[in-house]
Amino acid sequence: MKRFIITILFALAMLFPVSAEIQAATVFQDLQQDQEYTEYKGRVLSSNRERPVGSAQLTVLNTNIATVTNADGEFSLKVPSNLREAIVRVSYLGFESKNIALEYFSEEGTEIFLDPSVEELSEVSIFQAEDAGKLVRTMLSKRGDNYLDQNTNMTAFYRESIRKGRKNVSLSEAVIRIHKKPYSSSRREEIELIKARKTADYDRLDTLALKLRGGPYNALYVDVMKYPEYVFYIDDISDYSFSFDEPTQIDGRYLYVVNFEAREKSAPWYFGKLYIDAQSQSLVRAELNLNVDNRSIASRLFVSKKPGSTRVYPIEVKYRIDYQQQDGKWFYGYGSADLTFVVNWKRKLFNSRYYVHSEMAVTGWKPDPGNVNPRRSDSYIKPTVVMTDDVSGFSDPEFWGSNNIIEPDKDIQNAIDKIREQLD
(Lines give C-alpha, C1' and ligand atoms only; values in the text may rest on other atoms or scores of the structure.)
Protein backbone atom coordinates (compact mmCIF):
# COMPACT_ATOMS: atom_id res chain seq x y z
CA MET A 1 0.00 0.00 0.00
CA LYS A 2 1.38 3.40 -0.94
CA ARG A 3 2.43 5.52 2.04
CA PHE A 4 1.69 9.25 1.78
CA ILE A 5 3.97 11.63 3.67
CA ILE A 6 3.16 15.03 5.13
CA THR A 7 6.24 17.02 6.14
CA ILE A 8 5.70 19.77 8.72
CA LEU A 9 7.89 22.80 9.38
CA PHE A 10 7.87 25.04 12.43
CA ALA A 11 6.81 28.62 11.65
CA LEU A 12 9.65 30.04 13.76
CA ALA A 13 12.09 28.39 11.37
CA MET A 14 10.43 29.66 8.23
CA LEU A 15 13.08 32.32 7.56
CA PHE A 16 15.83 29.72 7.37
CA PRO A 17 16.65 28.19 3.99
CA VAL A 18 15.49 24.57 4.04
CA SER A 19 15.78 21.72 1.61
CA ALA A 20 12.75 20.00 0.17
CA GLU A 21 14.46 16.67 0.67
CA ILE A 22 13.90 14.67 3.85
CA GLN A 23 17.13 13.80 5.63
CA ALA A 24 17.29 11.15 8.32
CA ALA A 25 19.31 11.73 11.48
CA THR A 26 22.22 9.46 12.33
CA VAL A 27 22.70 8.02 15.80
CA PHE A 28 26.13 8.69 17.25
CA GLN A 29 27.63 7.26 20.38
CA ASP A 30 27.95 9.36 23.52
CA LEU A 31 31.13 11.41 23.24
CA GLN A 32 31.51 11.77 27.02
CA GLN A 33 32.57 8.98 29.33
CA ASP A 34 29.91 8.09 31.85
CA GLN A 35 30.89 8.87 35.40
CA GLU A 36 29.71 7.57 38.74
CA TYR A 37 26.44 9.26 39.63
CA THR A 38 23.37 8.97 41.84
CA GLU A 39 19.92 9.38 40.33
CA TYR A 40 17.22 11.03 42.43
CA LYS A 41 13.56 10.82 41.45
CA GLY A 42 10.42 12.44 42.74
CA ARG A 43 7.71 15.05 42.16
CA VAL A 44 7.27 18.79 42.61
CA LEU A 45 3.81 19.74 43.88
CA SER A 46 1.90 22.85 44.85
CA SER A 47 1.66 22.99 48.65
CA ASN A 48 -1.86 24.40 48.76
CA ARG A 49 -3.62 22.05 46.33
CA GLU A 50 -1.00 19.34 45.95
CA ARG A 51 -1.17 19.64 42.18
CA PRO A 52 1.88 18.77 40.10
CA VAL A 53 4.11 21.66 39.02
CA GLY A 54 5.23 20.97 35.46
CA SER A 55 8.37 22.56 33.96
CA ALA A 56 9.75 23.49 37.37
CA GLN A 57 13.52 23.98 37.24
CA LEU A 58 15.88 22.02 39.48
CA THR A 59 19.42 23.42 39.50
CA VAL A 60 22.37 22.17 41.55
CA LEU A 61 23.87 25.39 42.88
CA ASN A 62 27.47 26.24 41.97
CA THR A 63 27.41 23.64 39.19
CA ASN A 64 26.12 23.47 35.62
CA ILE A 65 23.72 20.59 36.40
CA ALA A 66 20.00 21.17 35.85
CA THR A 67 16.77 19.50 34.81
CA VAL A 68 13.04 20.25 34.63
CA THR A 69 9.91 18.42 35.72
CA ASN A 70 7.52 16.88 33.22
CA ALA A 71 3.81 17.72 32.92
CA ASP A 72 3.08 15.41 35.86
CA GLY A 73 5.60 17.24 38.08
CA GLU A 74 7.99 14.28 37.99
CA PHE A 75 11.74 14.67 37.79
CA SER A 76 14.93 12.68 37.48
CA LEU A 77 18.12 14.39 38.64
CA LYS A 78 21.49 12.73 38.12
CA VAL A 79 24.30 14.11 40.26
CA PRO A 80 27.96 12.97 40.41
CA SER A 81 28.45 10.79 43.46
CA ASN A 82 31.21 13.03 44.82
CA LEU A 83 28.76 15.94 45.26
CA ARG A 84 27.40 14.90 48.64
CA GLU A 85 26.81 18.32 50.19
CA ALA A 86 25.23 20.05 47.22
CA ILE A 87 22.23 22.37 47.37
CA VAL A 88 19.42 22.10 44.82
CA ARG A 89 17.30 25.13 43.94
CA VAL A 90 13.72 24.36 42.86
CA SER A 91 11.85 27.21 41.19
CA TYR A 92 8.83 27.95 39.07
CA LEU A 93 7.07 31.13 38.04
CA GLY A 94 4.53 32.31 40.63
CA PHE A 95 5.93 30.11 43.43
CA GLU A 96 8.42 30.73 46.20
CA SER A 97 11.73 29.09 45.27
CA LYS A 98 13.32 26.59 47.64
CA ASN A 99 16.95 25.69 48.30
CA ILE A 100 17.08 22.06 49.44
CA ALA A 101 20.06 20.04 50.63
CA LEU A 102 20.82 17.09 48.35
CA GLU A 103 20.69 14.78 51.36
CA TYR A 104 16.92 15.40 51.46
CA PHE A 105 16.50 13.73 48.06
CA SER A 106 15.83 10.01 47.72
CA GLU A 107 16.45 7.73 44.79
CA GLU A 108 12.68 7.20 44.56
CA GLY A 109 9.64 9.04 45.88
CA THR A 110 11.08 12.47 46.75
CA GLU A 111 8.31 15.03 47.24
CA ILE A 112 8.94 18.77 47.09
CA PHE A 113 6.18 21.28 47.85
CA LEU A 114 6.34 24.83 46.54
CA ASP A 115 4.36 27.66 48.15
CA PRO A 116 2.52 30.05 45.82
CA SER A 117 3.75 33.64 45.96
CA VAL A 118 1.28 35.66 48.06
CA GLU A 119 2.90 39.10 48.16
CA GLU A 120 0.74 41.90 46.74
CA LEU A 121 3.12 42.62 43.90
CA SER A 122 1.11 45.43 42.35
CA GLU A 123 1.97 47.59 45.33
CA VAL A 124 5.70 46.93 45.28
CA SER A 125 7.54 50.18 44.65
CA ILE A 126 10.03 48.53 42.27
CA PHE A 127 7.38 48.56 39.53
CA GLN A 128 8.00 51.90 37.87
CA ALA A 129 7.37 51.22 34.18
CA GLU A 130 4.28 52.87 32.75
CA ASP A 131 4.73 52.22 29.02
CA ALA A 132 4.63 48.49 28.16
CA GLY A 133 5.87 49.03 24.60
CA LYS A 134 8.85 51.08 25.77
CA LEU A 135 9.70 48.35 28.30
CA VAL A 136 9.79 45.73 25.51
CA ARG A 137 12.05 47.97 23.41
CA THR A 138 14.41 48.30 26.37
CA MET A 139 14.33 44.52 26.91
CA LEU A 140 15.35 43.88 23.31
CA SER A 141 18.08 46.54 23.35
CA LYS A 142 19.73 45.00 26.42
CA ARG A 143 20.20 41.48 25.14
CA GLY A 144 23.93 42.08 24.65
CA ASP A 145 24.25 43.17 28.30
CA ASN A 146 21.87 40.82 30.08
CA TYR A 147 22.48 37.55 28.22
CA LEU A 148 25.46 35.30 27.58
CA ASP A 149 28.19 37.23 25.82
CA GLN A 150 30.51 34.33 24.96
CA ASN A 151 30.47 31.11 22.99
CA THR A 152 29.02 28.37 25.18
CA ASN A 153 28.69 24.60 24.85
CA MET A 154 25.32 23.48 26.18
CA THR A 155 24.23 19.92 26.81
CA ALA A 156 20.48 19.51 26.34
CA PHE A 157 17.82 16.83 26.23
CA TYR A 158 15.29 16.93 23.39
CA ARG A 159 12.03 15.05 22.99
CA GLU A 160 9.59 15.10 20.07
CA SER A 161 6.34 13.17 19.84
CA ILE A 162 3.55 12.96 17.28
CA ARG A 163 0.09 11.61 18.08
CA LYS A 164 -2.85 10.81 15.85
CA GLY A 165 -5.83 11.23 18.11
CA ARG A 166 -4.80 9.46 21.32
CA LYS A 167 -2.27 7.14 19.68
CA ASN A 168 1.46 7.85 19.84
CA VAL A 169 2.82 7.13 16.38
CA SER A 170 6.25 8.78 16.45
CA LEU A 171 8.71 9.38 19.28
CA SER A 172 12.24 10.80 19.15
CA GLU A 173 14.62 11.60 22.01
CA ALA A 174 18.19 12.87 21.98
CA VAL A 175 21.01 14.27 24.04
CA ILE A 176 22.57 17.07 22.03
CA ARG A 177 25.33 19.64 22.25
CA ILE A 178 24.35 23.19 21.32
CA HIS A 179 27.12 25.47 20.16
CA LYS A 180 25.51 28.59 21.57
CA LYS A 181 26.65 31.95 20.20
CA PRO A 182 26.70 35.28 22.12
CA TYR A 183 23.28 36.88 22.22
CA SER A 184 24.73 40.02 20.67
CA SER A 185 26.01 38.02 17.69
CA SER A 186 24.05 37.47 14.48
CA ARG A 187 25.77 34.11 13.94
CA ARG A 188 23.45 31.14 13.95
CA GLU A 189 23.93 28.25 16.28
CA GLU A 190 24.75 24.64 15.46
CA ILE A 191 23.77 21.36 17.06
CA GLU A 192 25.65 18.08 17.49
CA LEU A 193 23.78 14.85 18.07
CA ILE A 194 25.45 13.00 20.95
CA LYS A 195 23.03 10.16 21.62
CA ALA A 196 19.54 9.45 20.29
CA ARG A 197 16.77 6.92 19.98
CA LYS A 198 13.86 7.16 17.58
CA THR A 199 10.92 5.11 16.44
CA ALA A 200 7.77 5.52 14.37
CA ASP A 201 4.81 3.14 14.28
CA TYR A 202 3.34 4.08 10.90
CA ASP A 203 1.14 0.98 10.85
CA ARG A 204 -1.26 2.99 13.02
CA LEU A 205 -1.53 5.72 10.41
CA ASP A 206 -3.31 3.84 7.60
CA THR A 207 -1.85 5.39 4.45
CA LEU A 208 -0.72 8.72 5.89
CA ALA A 209 2.40 9.62 7.90
CA LEU A 210 3.12 13.03 9.37
CA LYS A 211 6.78 13.95 9.92
CA LEU A 212 8.39 16.96 11.55
CA ARG A 213 11.40 18.56 9.95
CA GLY A 214 13.97 20.43 12.04
CA GLY A 215 14.22 18.30 15.18
CA PRO A 216 16.05 20.11 18.01
CA TYR A 217 16.41 23.26 15.90
CA ASN A 218 12.68 23.83 16.28
CA ALA A 219 13.04 24.18 20.04
CA LEU A 220 16.24 26.22 19.70
CA TYR A 221 14.67 28.82 17.40
CA VAL A 222 12.04 29.59 20.04
CA ASP A 223 14.79 31.60 21.81
CA VAL A 224 13.17 35.02 21.42
CA MET A 225 16.19 36.95 22.68
CA LYS A 226 18.55 35.26 20.21
CA TYR A 227 16.10 35.37 17.29
CA PRO A 228 13.77 38.32 18.01
CA GLU A 229 13.14 38.80 14.28
CA TYR A 230 10.91 35.71 14.30
CA VAL A 231 8.45 37.48 16.60
CA PHE A 232 9.30 41.19 16.47
CA TYR A 233 10.87 43.32 13.82
CA ILE A 234 12.60 45.67 16.24
CA ASP A 235 12.27 48.70 13.96
CA ASP A 236 8.57 48.00 13.43
CA ILE A 237 7.57 47.14 16.98
CA SER A 238 4.88 49.79 16.66
CA ASP A 239 2.96 47.20 14.64
CA TYR A 240 2.20 45.52 17.99
CA SER A 241 0.08 46.66 20.89
CA PHE A 242 1.32 46.08 24.46
CA SER A 243 -0.40 46.18 27.84
CA PHE A 244 0.45 45.26 31.42
CA ASP A 245 -1.05 42.20 33.10
CA GLU A 246 -0.85 41.28 36.80
CA PRO A 247 2.84 41.07 37.87
CA THR A 248 4.42 37.97 39.36
CA GLN A 249 7.77 36.77 40.68
CA ILE A 250 10.32 33.96 40.51
CA ASP A 251 13.43 33.34 42.61
CA GLY A 252 12.54 36.42 44.63
CA ARG A 253 12.70 38.59 41.50
CA TYR A 254 9.73 40.75 40.57
CA LEU A 255 8.45 40.41 37.02
CA TYR A 256 6.36 42.59 34.77
CA VAL A 257 3.87 40.62 32.69
CA VAL A 258 3.27 42.22 29.29
CA ASN A 259 0.52 41.13 26.91
CA PHE A 260 1.21 41.70 23.22
CA GLU A 261 -0.54 41.18 19.92
CA ALA A 262 -0.16 42.30 16.32
CA ARG A 263 -2.40 45.16 15.28
CA GLU A 264 -2.96 43.58 11.86
CA LYS A 265 -5.17 40.52 12.42
CA SER A 266 -5.45 39.30 8.82
CA ALA A 267 -1.95 37.77 8.73
CA PRO A 268 -0.72 34.93 10.98
CA TRP A 269 1.38 36.72 13.59
CA TYR A 270 2.06 36.22 17.25
CA PHE A 271 0.33 37.16 20.45
CA GLY A 272 1.08 36.16 24.03
CA LYS A 273 2.82 37.16 27.24
CA LEU A 274 6.33 38.35 28.09
CA TYR A 275 7.64 38.01 31.65
CA ILE A 276 10.27 40.71 32.17
CA ASP A 277 12.55 41.12 35.19
CA ALA A 278 11.73 44.48 36.77
CA GLN A 279 15.29 45.23 37.85
CA SER A 280 17.32 44.28 34.77
CA GLN A 281 14.59 44.40 32.08
CA SER A 282 15.55 40.85 31.05
CA LEU A 283 13.09 38.45 29.48
CA VAL A 284 12.58 35.52 31.87
CA ARG A 285 9.77 33.71 30.07
CA ALA A 286 7.84 34.07 26.83
CA GLU A 287 4.53 32.43 25.94
CA LEU A 288 3.71 32.72 22.24
CA ASN A 289 0.61 31.83 20.26
CA LEU A 290 0.18 32.04 16.51
CA ASN A 291 -2.98 33.44 14.97
CA VAL A 292 -3.99 30.68 12.51
CA ASP A 293 -7.47 31.94 11.60
CA ASN A 294 -6.38 32.27 7.98
CA ARG A 295 -6.00 28.56 7.23
CA SER A 296 -4.56 29.00 3.77
CA ILE A 297 -1.67 31.23 4.87
CA ALA A 298 -1.05 29.20 8.04
CA SER A 299 -0.84 26.03 5.97
CA ARG A 300 1.78 27.59 3.69
CA LEU A 301 3.85 28.51 6.74
CA PHE A 302 4.01 24.96 8.06
CA VAL A 303 3.31 22.35 5.41
CA SER A 304 6.34 21.58 3.27
CA LYS A 305 5.04 18.46 1.54
CA LYS A 306 1.65 16.74 1.31
CA PRO A 307 -0.48 14.63 -1.04
CA GLY A 308 -2.53 16.68 -3.49
CA SER A 309 -5.72 15.00 -2.32
CA THR A 310 -5.50 16.47 1.20
CA ARG A 311 -5.92 19.79 2.98
CA VAL A 312 -3.55 20.20 5.93
CA TYR A 313 -3.64 23.19 8.24
CA PRO A 314 -2.84 24.04 11.89
CA ILE A 315 -5.64 24.94 14.31
CA GLU A 316 -3.45 25.62 17.37
CA VAL A 317 0.19 26.69 17.65
CA LYS A 318 1.81 27.45 21.01
CA TYR A 319 5.43 28.05 22.03
CA ARG A 320 7.11 28.67 25.35
CA ILE A 321 10.63 29.48 26.50
CA ASP A 322 12.17 29.84 29.96
CA TYR A 323 15.53 31.43 30.70
CA GLN A 324 18.01 30.61 33.45
CA GLN A 325 20.45 32.93 35.15
CA GLN A 326 24.00 32.33 36.35
CA ASP A 327 26.66 34.86 37.31
CA GLY A 328 24.39 37.72 36.31
CA LYS A 329 23.77 36.46 32.77
CA TRP A 330 20.59 34.92 31.38
CA PHE A 331 20.49 32.12 28.82
CA TYR A 332 18.15 29.64 27.17
CA GLY A 333 16.97 27.03 29.67
CA TYR A 334 13.84 25.36 28.31
CA GLY A 335 11.73 25.57 25.17
CA SER A 336 8.58 23.78 24.06
CA ALA A 337 6.11 23.81 21.21
CA ASP A 338 2.62 22.32 20.81
CA LEU A 339 0.94 22.17 17.42
CA THR A 340 -2.38 20.67 16.36
CA PHE A 341 -2.99 19.88 12.68
CA VAL A 342 -6.13 18.86 10.83
CA VAL A 343 -5.85 16.61 7.76
CA ASN A 344 -8.84 16.55 5.46
CA TRP A 345 -9.03 13.98 2.68
CA LYS A 346 -11.13 14.89 -0.32
CA ARG A 347 -14.33 12.86 -0.60
CA LYS A 348 -14.02 11.63 3.00
CA LEU A 349 -16.52 12.58 5.67
CA PHE A 350 -14.19 12.63 8.70
CA ASN A 351 -10.84 14.32 9.21
CA SER A 352 -7.79 13.35 11.25
CA ARG A 353 -6.06 15.36 13.97
CA TYR A 354 -2.35 15.20 14.69
CA TYR A 355 -0.69 16.58 17.80
CA VAL A 356 2.98 17.52 17.69
CA HIS A 357 4.88 18.18 20.92
CA SER A 358 8.51 19.24 21.06
CA GLU A 359 10.54 20.24 24.11
CA MET A 360 14.17 20.79 25.00
CA ALA A 361 15.84 21.41 28.37
CA VAL A 362 19.42 22.56 28.89
CA THR A 363 20.98 20.24 31.48
CA GLY A 364 24.60 21.44 31.44
CA TRP A 365 26.69 24.31 30.10
CA LYS A 366 30.26 25.59 30.04
CA PRO A 367 32.25 28.23 28.13
CA ASP A 368 33.50 27.11 24.73
CA PRO A 369 37.28 27.61 24.64
CA GLY A 370 37.57 26.23 21.12
CA ASN A 371 38.27 27.90 17.81
CA VAL A 372 35.85 30.38 16.34
CA ASN A 373 35.35 28.01 13.39
CA PRO A 374 35.93 24.51 14.76
CA ARG A 375 36.27 21.57 12.42
CA ARG A 376 32.86 20.04 11.88
CA SER A 377 32.37 16.35 12.54
CA ASP A 378 29.74 13.95 11.23
CA SER A 379 27.80 14.39 14.46
CA TYR A 380 26.55 17.84 13.39
CA ILE A 381 22.95 17.82 12.20
CA LYS A 382 21.21 20.20 9.80
CA PRO A 383 18.05 22.26 10.36
CA THR A 384 16.44 20.01 7.73
CA VAL A 385 16.79 16.87 9.87
CA VAL A 386 13.79 14.54 10.29
CA MET A 387 14.09 12.31 13.34
CA THR A 388 12.16 9.09 12.67
CA ASP A 389 12.25 5.36 12.02
CA ASP A 390 15.10 4.11 14.24
CA VAL A 391 14.32 1.93 17.28
CA SER A 392 17.92 1.80 18.50
CA GLY A 393 18.22 2.09 22.25
CA PHE A 394 14.61 1.60 23.36
CA SER A 395 15.28 -1.90 24.67
CA ASP A 396 17.84 -0.56 27.19
CA PRO A 397 16.37 1.18 30.29
CA GLU A 398 19.85 2.54 31.08
CA PHE A 399 20.30 3.99 27.61
CA TRP A 400 20.89 7.58 28.78
CA GLY A 401 23.58 6.75 31.34
CA SER A 402 24.63 9.80 33.37
CA ASN A 403 22.83 12.27 31.08
CA ASN A 404 20.01 14.22 32.70
CA ILE A 405 16.72 13.91 30.83
CA ILE A 406 13.13 15.05 31.19
CA GLU A 407 11.11 12.25 32.75
CA PRO A 408 8.53 10.96 30.23
CA ASP A 409 4.91 12.01 30.74
CA LYS A 410 2.53 9.13 31.39
CA ASP A 411 1.41 8.76 27.78
CA ILE A 412 5.02 8.89 26.53
CA GLN A 413 6.09 6.35 29.15
CA ASN A 414 3.28 4.05 27.99
CA ALA A 415 4.55 4.37 24.43
CA ILE A 416 8.11 3.54 25.53
CA ASP A 417 6.86 0.51 27.47
CA LYS A 418 4.99 -0.75 24.39
CA ILE A 419 8.09 -0.31 22.24
CA ARG A 420 10.14 -2.40 24.70
CA GLU A 421 7.44 -5.08 24.72
CA GLN A 422 7.58 -5.27 20.92
CA LEU A 423 11.36 -5.52 20.98
CA ASP A 424 11.25 -8.28 23.57
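Worth saying up front: this structure is predicted, and the values here are computed from it rather than measured.
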Item to check | Pair Tyr256-Phe244, ring-ring contact (aromatic ring centres under 6.0 Å, His included): steps then yes or no | outcome: CA-CA 7 Å; Tyr256 295 104; Phe244 286 111; 5.7 Å; yes

Checklist entry - Are the aromatic rings of Phe260 and Phe271 close, with centres under 6.0 Å apart? => result no

Item to check | For Val175, the option from Asn403, Asn404, Leu193 that meets side chain to side chain contact (heavy atoms under 4.5 Å, CB included) | outcome: Asn403

Checklist entry - Do Ser358 and Asn218 have side-chain atoms, one donor and one acceptor, less than 3.5 Å apart? => result no

Item to check | Distance flag, aromatic centroids of Trp330 and Tyr183, threshold under 6.0 Å | outcome: no

Item to check | Side-chain H-bond candidate by donor/acceptor type, Gln281 with Thr138, under 3.5 Å | outcome: no

Checklist entry - Tyr323 and Tyr334: aromatic ring centres closer than 6.0 Å? => result no

Checklist entry - If we only count heavy atoms from C-beta on, is the Thr155 to Val362 side-chain gap below 4.5 Å? => result no

Checklist entry - Once the angle between the rings of Phe105 and Tyr40 is folded into 0 to 90°, is it parallel (under 30°), tilted (30 to 60°) or perpendicular (over 60°)? => result perpendicular

Checklist entry - For Tyr313, what residues pass the ring-ring contact (aromatic ring centres under 6.0 Å, His included) criterion, not counting sequence neighbours? => result none

Item to check | Ion pair Glu287/Lys273, N-O distance below 4.0 Å | outcome: no

Checklist entry - Would Lys181 and Glu189 count as a salt bridge (Lys or Arg N to Asp or Glu O under 4.0 Å) if you check the C-alpha gap in whole Å, the side-chain angles of each, and the deciding distance to 0.1 Å? => result CA-CA 6 Å; Lys181 306 302 181 186; Glu189 293 147 343; over 6 Å; no

Item to check | Side-chain H-bond candidate by donor/acceptor type, Ser296 with Arg300, under 3.5 Å | outcome: yes

Checklist entry - Do we see a donor-acceptor contact under 3.5 Å between the side chains of Glu107 and Thr38? => result no

Checklist entry - What is the distance from atom CD of Glu74 to atom CG of Asp409, rounded to the nearest 0.5 Å? => result 8.0 Å

Checklist entry - Is the number of heavy atoms from other residues, nucleotides or ligands under 6.0 Å of Asn62 CG greater than 12? => result no

Checklist entry - Leu274 versus Leu283: any side-chain heavy-atom pair under 4.5 Å? => result yes

Next on the checklist: Over 60° means perpendicular and under 30° means parallel, so tell me whether Tyr227 and Tyr221 are parallel, tilted or perpendicular.
Outcome noted: perpendicular

Item to check | Partner of Asp223 by salt bridge (charged side-chain N to carboxylate O under 4.0 Å, His left out), out of Arg320, Lys180, Arg143 | outcome: Lys180

Checklist entry - Do Asn153 and Arg177 have side-chain atoms, one donor and one acceptor, less than 3.5 Å apart? => result no

Next on the checklist: Does the plane of the ring in Phe341 sit parallel, tilted or perpendicular to the ring in Phe302? Use 30° and 60° as the thresholds.
Outcome noted: perpendicular

Next on the checklist: If only side-chain N and O atoms count, and only distance matters, is there a donor-acceptor pair under 3.5 Å linking His357 with Glu160?
Outcome noted: no

Checklist entry - Can a cation-pi geometry be assigned to Arg163 and Tyr355, taking NZ or CZ under 6.0 Å from the six-membered ring centre and within 45° of the ring axis? => result yes

Next on the checklist: Between Asp368 and Thr152, does the side-chain contact (heavy atoms from CB on, under 4.5 Å) criterion hold? Intermediate values first, please.
Outcome noted: CA-CA 5 Å; Asp368 182 3; Thr152 306; 5.6 Å; no

Checklist entry - What pair of heavy atoms forms the shortest contact from Ile406 to Ala361, and how long is it? => result CD1-CB, 3.8 Å

Checklist entry - Does Phe399 have Lys195 sitting over its ring (NZ/CZ under 6.0 Å from centre, angle to axis within 45°)? => result yes

Item to check | Trace of the salt bridge (Lys or Arg N to Asp or Glu O under 4.0 Å) decision for Asp239 with Arg263 | outcome: CA-CA 6 Å; Asp239 291 341; Arg263 299 183 190 277; over 6 Å; no

Checklist outcome for this item: Shortest non-hydrogen pair, Leu93 vs Ile250, comes out as N-CD1, 3.6 Å

Next on the checklist: More than 12 heavy atoms of other residues, nucleotides or ligands under 6.0 Å from NZ of Lys98: yes or no?
Outcome noted: yes

